Amino acid sequence: MIQKPPSSPMLLSVVIPTYNRKESLLRMLNALAKQTFPASDFEVIVISDGSSDGTTEAVKAFSAPYRLIFEEQKNSGPSVARNKGARMAANPLLVYLDDDIEPVPEFLAEHAQAHNGVTDLVLIGPQSEPPNEPIPHWIAWEHKMLRKQYENFVSGVWEAGPNNLYSGNFSLRREHLLAVNGFDTRFTRQEDVELGFRLAQRGLRFRFNMAANGWHRPTRPFASWYKTPFEYGKRDVQMAREIGEARVMELARRHYKERNRLTRFFARTCIGIAPLEWAVLTTGRGAVKLGGQKIALTACSLLFNLRYLQGMCRELGGRTALWAAIQGTGTIPKLPL
């Protein structure tokens with residue numbers, strides 16, 4: 001049963017973990033100063049995760065129309081920072097932003113309105129590609145995949161769920177985050193999705209709102225991008241073990257079946273066979289760096305899917321266990337991380 005929230009105005013706490021992105025952070029803080037939502041009704045909590053680029057001085061010198069709280073911690077990762085921000089928050093609704101996102105003027109108003117009259121919602125907003133700005137091929141591929149996802153949410157083809165929870169732009173009531181003990185700080189990747197599944201187990205529902213938009217300017221190099229899907233594959237297996245979340249593996253099986261024939265062919269041919277993995281992945285990396293946009297985007301898609309399966313394979317213990325899991329004939333014992 002959904003309880004009615006208090007009739008007083010919705011008060012927000014915006015939590016932003018940051019690490020050595022001074023200029024991007026200042027752009028975000030300026031965008032928050034231009035919100036249509038009243039500055040008196042929200043606070044901004046910035047947690048610096050050991051920044052050494054002048055972030056401290058820049059934030060302390062920033063003049064904000066809203067309540068701005070700045071806290072420093074030793075470098076411990078964004079999940080620790082997000083949890084600290086939630087504990088410090090004075091307001092009932094938490095809005096999470098990453099420091100490379102510039103919220104549009106209606107951003108906070110959209111998040112607040114979505115939670116008006118309900119207490120069991122997780123609202124997910126888009127992380128959109130800024131128009132007419134040059135970006136590397138691997139970032140362009142990410143934005144392309146996100147655009148497809150957003151279009152399917154808006155059209156109703158897909159329904160937003162815990163696996164779509166991205167920590168860069170979402171909101172929920174603080175009581176729910178604290179009740180599930182926040183982000184699991186053992187995870188360095190997929191920590192937001194893992195949180196999403198625990199929130200779903202608590203009974204929360206998920207909704208996507210295109211209007212709660214933020215312009216996303218990721219700056220990670222190709223080497224960092226290349227590591228990400230491998231970690232996703234490992235973490236999905238760990239989530240299935242750690243929290244007994246069968247939907248993680250169900251989604252992995254469904255996504256594999258949706259891949260094109262070429263991707264599935266390379267996956268079945270090389271994953272779990274080291275020399276073939278090396279040959280295919282090396283060729284793919286070369287295509288991203290040296291090919292034109294069309295070739296590079298195709299290579300990014302192939303690499304992302306193969307690296308994800310490679311991570312699953314390593315965590316499951318080998319090729320046989322991987323394909324048993326993909327086919328739904330294998331089991332994943334519940335083991336500690």
Side-chain angles (χ1 to χ4, degrees), residues 9-73 75 78 81-82 84-86 88-91 93-115 123-136 139 142-143 146-147 150 166-172 174 192 209-220:
M10 178 66 68
L11 301 179
L12 313 181
S13 292
V14 183
V15 178
I16 306 165
T18 189
Y19 176 69
N20 285 346
R21 286 179 179 164
K22 178 182 67 175
E23 298 303 325
S24 178
L25 177 65
L26 290 175
R27 180 166 49 217
M28 171 190 285
L29 294 177
N30 273 302
L32 289 171
K34 300 173 184 177
Q35 294 293 296
T36 60
F37 194 74
S40 59
D41 289 349
F42 71 93
E43 64 180 2
V44 175
I45 303 170
V46 177
I47 309 293
S48 176
D49 187 37
S51 297
S52 58
D53 66 341
T55 290
T56 299
E57 295 76 14
V59 175
K60 288 183 176 179
F62 184 81
S63 178
Y66 45 80
R67 182 181 183 222
L68 177 59
I69 303 165
F70 180 73
E71 183 81 6
E72 294 181 272
Q73 66 178 32
N75 186 248
R82 293 185 189 110
K84 177 178 285 189
M88 295 172 59
N91 297 324
L93 186 66
L94 297 177
V95 180
Y96 278 104
L97 269 171
D98 279 352
D99 61 2
D100 57 359
I101 292 179
E102 179 186 1
V104 299
E106 303 78 19
F107 177 83
L108 289 180
E110 291 291 338
H111 274 282
Q113 179 59 36
H115 292 272
L123 187 78
I124 302 168
Q127 302 175 54
S128 301
E129 176 184 357
N132 304 317
E133 294 185 12
I135 52 176
I139 302 299
E142 281 189 356
H143 281 305
L146 286 173
R147 282 198 306 273
Y150 301 155
Y166 303 134
S167 56
N169 182 356
F170 82 100
S171 60
L172 79 168
R174 178 174 179 266
D192 39 13
N209 180 7
M210 192 68 194
N213 185 36
W215 302 116
H216 188 204
R217 296 180 176 88
T219 57
R220 60 183 169 276

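These values consider heavy atoms only, across backbone and side chains, with no hydrogens, waters or symmetry-generated copies. None of these values were measured; they are calculated from a predicted model.
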Separation between [atom1] of [X] and [atom2] of [Y], rounded to the nearest 0.5 Å:
X	Y	atom1	atom2	result
Leu11	Arg174	CG	CZ	13.0 Å
Leu97	Glu102	CG	CD	11.0 Å
Ile16	Arg21	CD1	CZ	12.5 Å
Asn209	Tyr150	CG	OH	12.0 Å
Asn30	Leu26	CG	CG	7.0 Å
Thr56	Glu71	OG1	CD	10.5 Å

What closest approach, in Å, do [X] and [Y] show between heavy atoms, and which atom pair accounts for it?
X	Y	answer
Ala39	Pro65	CB-O, 3.6 Å
Ala212	Leu123	CB-CD2, 4.4 Å
Asp192	Ser167	OD2-N, 3.0 Å
Phe37	Ala112	CE1-CB, 3.5 Å
His143	Pro218	NE2-CD, 4.1 Å

Can you name the ring-ring contact (aromatic ring centres under 6.0 Å, His included) partners of Tyr19, sequence neighbours left out?
->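 Listed in chain order: nothing, the list is empty.
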**Asked** Listed by chain and number, what are the ring-ring contact (aromatic ring centres under 6.0 Å, His included) partners of Phe170, not counting sequence neighbours?
**Response**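 Partners of Phe170 under the ring-ring contact (aromatic ring centres under 6.0 Å, His included) test: Tyr96.
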Which pairs, with at least one residue in residues 22-40 and sequence neighbours excluded, count as a salt bridge (charged side-chain N to carboxylate O under 4.0 Å, His left out)?
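Checked against salt bridge (charged side-chain N to carboxylate O under 4.0 Å, His left out) - neighbours excluded - no pair reaches residues 22-40.
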Residue pair Glu72, Ser51: steps toward the side chain to side chain contact (heavy atoms under 4.5 Å, CB included) verdict:
CA-CA 8 Å; Glu72 294 181 272; Ser51 297; over 6 Å; no
Item to complete: Give me the one residue out of Pro126, Pro103, Ser128 that meets side chain to side chain contact (heavy atoms under 4.5 Å, CB included) with Asn169.
Response: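 Running side chain to side chain contact (heavy atoms under 4.5 Å, CB included) over Pro126, Pro103, Ser128 with Asn169 returns exactly one hit, Pro126.
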Qualifying residue, where the test is side chain to side chain contact (heavy atoms under 4.5 Å, CB included) with Leu12 and the options are Leu94, Leu93, Val44:
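Passing option: Leu93.
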Query - Side chain to side chain, Asp99 and Pro17, heavy atoms closer than 4.5 Å - result: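 They are not in side-chain contact.
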Tell me, do Phe42 and Val95 make a side-chain contact under 4.5 Å, heavy atoms counted?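 Contact flag for Phe42/Val95 side chains = no.
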Can you list every pair that meets side-chain hydrogen bond (donor to acceptor under 3.5 Å, both in side chains) and has a residue in residues 59-70, with sequence neighbours left out?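 side-chain hydrogen bond (donor to acceptor under 3.5 Å, both in side chains) check on residues 59-70 returns Glu43-Arg67.
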Practice item. Could you list the residues that satisfy salt bridge (Lys or Arg N to Asp or Glu O under 4.0 Å) with Glu133, not counting sequence neighbours? Key: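 Partners of Glu133 under the salt bridge (Lys or Arg N to Asp or Glu O under 4.0 Å) test: Arg217.
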Does Asp98 have any salt bridge (Lys or Arg N to Asp or Glu O under 4.0 Å) partners at least two apart in sequence or in another chain, and if so, which?
->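 Listed in chain order: Arg82.
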List the steps, then state whether side chain to side chain contact (heavy atoms under 4.5 Å, CB included) holds for Thr55 with Val46.
CA-CA 10 Å; Thr55 290; Val46 177; 5.5 Å; no
_CA sep, side-chain torsions, deciding dist, call: Met88, Ile47, side chain to side chain contact (heavy atoms under 4.5 Å, CB included)_ = CA-CA 10 Å; Met88 295 172 59; Ile47 309 293; 3.9 Å; yes
- Query: Under 3.5 Å, is there a donor-acceptor pair between the side chain of Gln35 and the main chain of Leu108?
  - Reply: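 Yes.
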Working note: Thr18 + Val59, criterion side chain to side chain contact (heavy atoms under 4.5 Å, CB included); need CA distance, chi angles, decisive distance, verdict. CA-CA 11 Å; Thr18 189; Val59 175; over 6 Å; no
